[in-house]
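Note sheet for the following structure.
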There are 2 protein chains.
Amino acid sequence: MADVGEVLRQLKAAGYKCTGKRQAIVALFVDHPGQTFSAKDVYTYVLSMYPNLSLDTVYRTLELLLQHRIIERLDGADDAARFRLACEEPSHHHHVVCLRCGKSIPIHVCPIEAMREEMDDFDIVDHTVAIYGYCRPCREQNAGQSRPVQPHEGMVTEP
Amino acid sequence: MADVGEVLRQLKAAGYKCTGKRQAIVALFVDHPGQTFSAKDVYTYVLSMYPNLSLDTVYRTLELLLQHRIIERLDGADDAARFRLACEEPSHHHHVVCLRCGKSIPIHVCPIEAMREEMDDFDIVDHTVAIYGYCRPCREQNAGQSRPVQPHEGMVTEP
DNA sequence: TTGTAAATAAGAATGATTACGATTTATAAT
DNA sequence: ATTATAAATCGTAATCATTCTTATTTACAA
């Protein structure tokens, strides 16, 4: 389980300064594992505790956290990228994303590996997989819900 | 094999006018099956034969062709969407994309179907798969090539 | 040939992201 | 604790893909 202090210490050790805004951004991700946020989401969150904040700072901090593999970027069909706390699992894997609660759940089989052998005429060197649906808790609550989130609403892609 | 006249006739039958610019755009896709183009690509191509052309016209025409399933949109990690002639295959399938020549090759197995049964706690309702690599001809030419296209360069996602 | 709605051009507006110059601040050295 | 310094930040402007607006042009049916 990732810890805010841990992450900040890691950044400090790498020569980066430990500012309150950085702490806030790291905390947002660490406190909501599996949840995805847009840059704007992060901006409004941090703004609530630091009244003057530049979007540029958010983007630079996200870039920093990406480089240190503390968060992951998810590029979607809609124009705004989303970010989430990096998965602890270091080996290759994918996620399923719940269309209702937005949580990412890691899965530990790669459906592409299975087909690699069958592909004689094509060398696979990279791939992305994005799977959307409903997790068990949301599936149950969907039954008594007037408007479940629609597929493709906020869809994201991941390596 | 799709045919330009055929497509234009289909559009006309649906009540749309048959303009030279539309013809040019349709021809670009029909004459290069499997090849992907950005809106800017299409714009520069048509501009070479129609000196005054609005980008808006390109986008509106692409939208029209999308609605009639004549082309498909591929949303990628980079900011510009790409488009290609729609695959004739009507049933669910995916493509592999060559990183060198940019061609899309349809594959007729869905790697996600296999794992659907194994997922007990998650209802899959949608997915995207994007596979990149080198097709056989490009693989052979890559051997004597100083700079092969890098993975992730112009990566695209597709349903 | 002509009337009409559709199509287009040109440019402005939007929204996400990045870049920039000036100012502030965390941190290490004093 | 004070200070020097480079890093971080702000505020804003720039950029890029895409969409919107309005006036003008055009395909096509009558």
Using the test salt bridge (charged side-chain N to carboxylate O under 4.0 Å, His left out), find all partners of A:Glu89 that sit at least two apart in sequence or belong to another chain. none

Just to verify, what does B:Thr61 make a side-chain hydrogen bond (donor to acceptor under 3.5 Å, both in side chains) with, not counting sequence neighbours? none

Using the rule given for side chain to side chain contact (heavy atoms under 4.5 Å, CB included), can you reason through A:Cys87 versus A:Glu72, listing the C-alpha separation, both sets of side-chain angles and the distance that settles it, and then say yes or no? CA-CA 8 Å; A:Cys87 195; A:Glu72 300 169 340; 4.1 Å; yes

Determine: side-chain N/O of A:Tyr59 to OP1/OP2 of C:dT18, distance under 4.0 Å, yes or no. no

Could you list where the contact with chain B starts and ends along DNA chain D, reading 5' to 3', using a 4.0 Å heavy-atom cut-off? D:dA17 to D:dC28

Let's go through A:Leu99 and B:Val125 carefully: what are the C-alpha distance in whole Å and the side-chain angles of both, what is the deciding distance for side chain to side chain contact (heavy atoms under 4.5 Å, CB included) to 0.1 Å, and is it a yes or a no? CA-CA 9 Å; A:Leu99 291 165; B:Val125 302; 3.4 Å; yes

Within the 4.0 Å heavy-atom criterion, would you say A:Leu53 contacts the bases, only the backbone, or no part of the nucleic acid? sugar-phosphate

Verify side chain to side chain contact (heavy atoms under 4.5 Å, CB included) between B:Val97 and B:Lys103, making sure each step is shown before the conclusion. CA-CA 6 Å; B:Val97 178; B:Lys103 284 254 179 74; over 6 Å; no

For B:Thr44, give me all partners under side chain to side chain contact (heavy atoms under 4.5 Å, CB included), at least two apart in sequence or on another chain. none

With sequence neighbours left out, what residues match A:Phe83 under ring-ring contact (aromatic ring centres under 6.0 Å, His included)? none

Atom CG of A:Leu74 and atom C1' of C:dA16 are separated, to the nearest Å, by 16 Å

For residues 16-31 of chain A, tabulate all N or O donor-acceptor pairs below 3.5 Å that involve a side-chain atom, not counting sequence neighbours.
residue, atom, partner, partner atom, Å
A:Thr19, OG1, A:Arg22, N, 3.1
A:Lys21, NZ, A:Asn52, O, 3.2
A:Arg22, NH1, A:Lys17, O, 2.8

Report, one pair per line, the protein and nucleotides 19-24 of chain C atoms (nitrogen or oxygen only) whose separation is under 3.5 Å.
residue, atom, partner, partner atom, Å
C:dC20, N4, A:Asp56, OD2, 2.8

Among residues at least two apart in sequence or on other chains, which ones pass salt bridge (charged side-chain N to carboxylate O under 4.0 Å, His left out) with A:Asp121? B:Arg136

Whole angstrom value for the distance that separates P of C:dA7 from CG of B:Leu64: 7 Å

Write down the distance between CD (A:Glu63) and P (C:dA16), rounded to a whole number of angstrom. 18 Å

side-chain hydrogen bond (donor to acceptor under 3.5 Å, both in side chains), that's the test. Do B:Arg84 and B:His95 meet it? Break it down for me. CA-CA 12 Å; B:Arg84 73 164 165 235; B:His95 295 82; 3.0 Å; yes

If each end axis of the helix from C:dT1-D:dA30 to C:dT30-D:dA1 is fitted on five C1' pair positions, the angle between them, to 10 degrees, is 20°

Hey, do the aromatic rings of A:His127 and A:His94 have their centres closer than 6.0 Å? yes

Which residues pass the ring-ring contact (aromatic ring centres under 6.0 Å, His included) test with B:Tyr45, sequence neighbours left out? none

Can you sort out which residues in residues 8-24 of chain A have a heavy atom within less than 4.0 Å of DNA chain D? Ascending by number, please. A:Tyr16, A:Lys17, A:Thr19, A:Lys21, A:Arg22

Donor-acceptor list for residues 105-117 of chain B side chains, cut-off 3.5 Å, not counting sequence neighbours:
residue, atom, partner, partner atom, Å
B:Glu113, OE1, B:Arg116, NE, 3.3
B:Glu113, OE2, B:Arg116, NH2, 3.0
B:Arg116, NH1, B:Ile124, O, 2.8

